[in-house]
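Since the structure comes first, as structure tokens, the remarks are kept for the end.
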Amino acid sequence: MTVRVPAKVNVQLAVGAARPDGFHDLANVFLAVSLYDEVTATPADALTVTCEGPDAEQVPLDRTNLAARAAEILGKRTGTVPAVHLHIAKNIPVAGGMAGGSADGAAALLACDALWGLDTPRAELLDICAELGSDVPFSLVGGAALGTGRGELLTPVEAGTFHWVFAVADGGLSTPAVFREFDRLAAGRRIPEPEASPALLAALAAGDADALAGALANDLQPAALSLRPQLADTLARGAAGGALAGLVSGSGPTTAFLVRDAEAAAEVAAALEASGTCRATRVASGPAPGATVLATA
Ligand code: C5P
């Protein structure tokens, strides 16, 4: 059973103060983009995970992998022994701020549900996704959505098509470390309640790239730049290369550049590659569909 699952970019990531449980309330406007991992589930003697792709060696293959945890949690909830081999064909940057690990969790959940013939109700799948991580429910749902709470409470939002270039950085950034840096930078300041920007939602719904370029916002960007100052060079090179706007994707270190169309995407990608300020580029568009069963193995 093979499931295809998209990466995400946050077109707005408004971050509130740290909560007593350590998480932060968010107004998180997610857009799924056409950059995909595929997870294939096949019956096996025991739960095992393998991974292929350009960054496969950076992916943990033990029980900390969200794909493995998804199989375990679904098995536990439904009384099914999670005897399954999960193979991840990885194309989403690892630890890049594009929800690659979350994507694999959502994909494995859907693949195991189909393989085991469980037909688990959507609401329960979403509940398991939220247990796996704040971004996992969105990986299941895809499209465009506003995430509130710690990002797991989703409301779909309307979105036209937008074109993007992603600059993949060397090495990952730890999401908890970026949130800790956000807290450090925010110390002593009053942090407003996070709210979705009406102008941003209107631009998204209208498919208006110029308006969206002016409204893109990521409250984690100063923290990511503080931990990885060289990302400022990547952002500058993307802007100089013709992007309408650029920002750090989620907790980074991938940077995302909004461009007018596929032609502009190729130009901006070439400029970024030539600049030597990133490891690789990827071109994609969104909204893309959420986790989808492709084929029965
Ligand atoms: O939910 P998830 O496991 O993906 O979160 C990883 C880490 O990111 C959390 O342990 C927390 O440090 C941070 N986080 C946060 N507020 C959120 C989401 C994540 O502080 N809304």
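Every value quoted in this text rests on a predicted model; they were computed, and no experiment measured them. Just follow the structure's listing: the first ligand is 1, and inside any ligand the first atom is 1.
- Relative to the ring axis of Phe23, Arg150 places its NZ or CZ within 45° and under 6.0 Å from the centre.
- The heavy atom nearest to atom 4 (O) of ligand 1, considering only Ser251, Ala99, Ser134, is found in Ser134.
- The single protein non-hydrogen atom nearest to atom 7 (C) of ligand 1 is Pro176 CG, 3.8 Å, given as residue, atom name and distance.
- Looking at Leu225 and Leu235, their side chains come closer than 4.5 Å, going by heavy atoms from C-beta outward.
- Ion pairing between Glu52 and Lys90 fails under the 4.0 Å rule for side-chain N and carboxylate O.
- Taking each heavy atom of Asp55 and Pro93 in turn, the nearest pair found is OD2-CA, 4.3 Å.
- Look at Leu26 and you'll find a heavy atom under 4.0 Å from some atom of ligand 1.
- Within the structure, ligand 1 has Gly22 among the residues with a heavy atom less than 4.0 angstrom away.
- Closest heavy-atom approach to atom 6 (C) of ligand 1 within the set Leu220, Asn28, Thr175, Asp21: this belongs to Thr175.
- Residues Asn218 and Gln12 are not in side-chain contact: their nearest non-hydrogen atoms beyond the backbone lie 4.5 Å or more apart.
- Scanning the protein heavy atoms around atom 20 (O) of ligand 1, the nearest turns out to be His24 ND1, 2.7 Å.
- The residue from Phe179, Phe23, Phe182 that puts a heavy atom closest to atom 13 (C) of ligand 1 is Phe179.
- The atoms of ligand 1 that sit less than 4.0 Å from any heavy atom of Gly133 are 1 (O).
- In terms of heavy atoms, Leu140 sits closest to Leu125 at CD2-CB, 4.1 Å.
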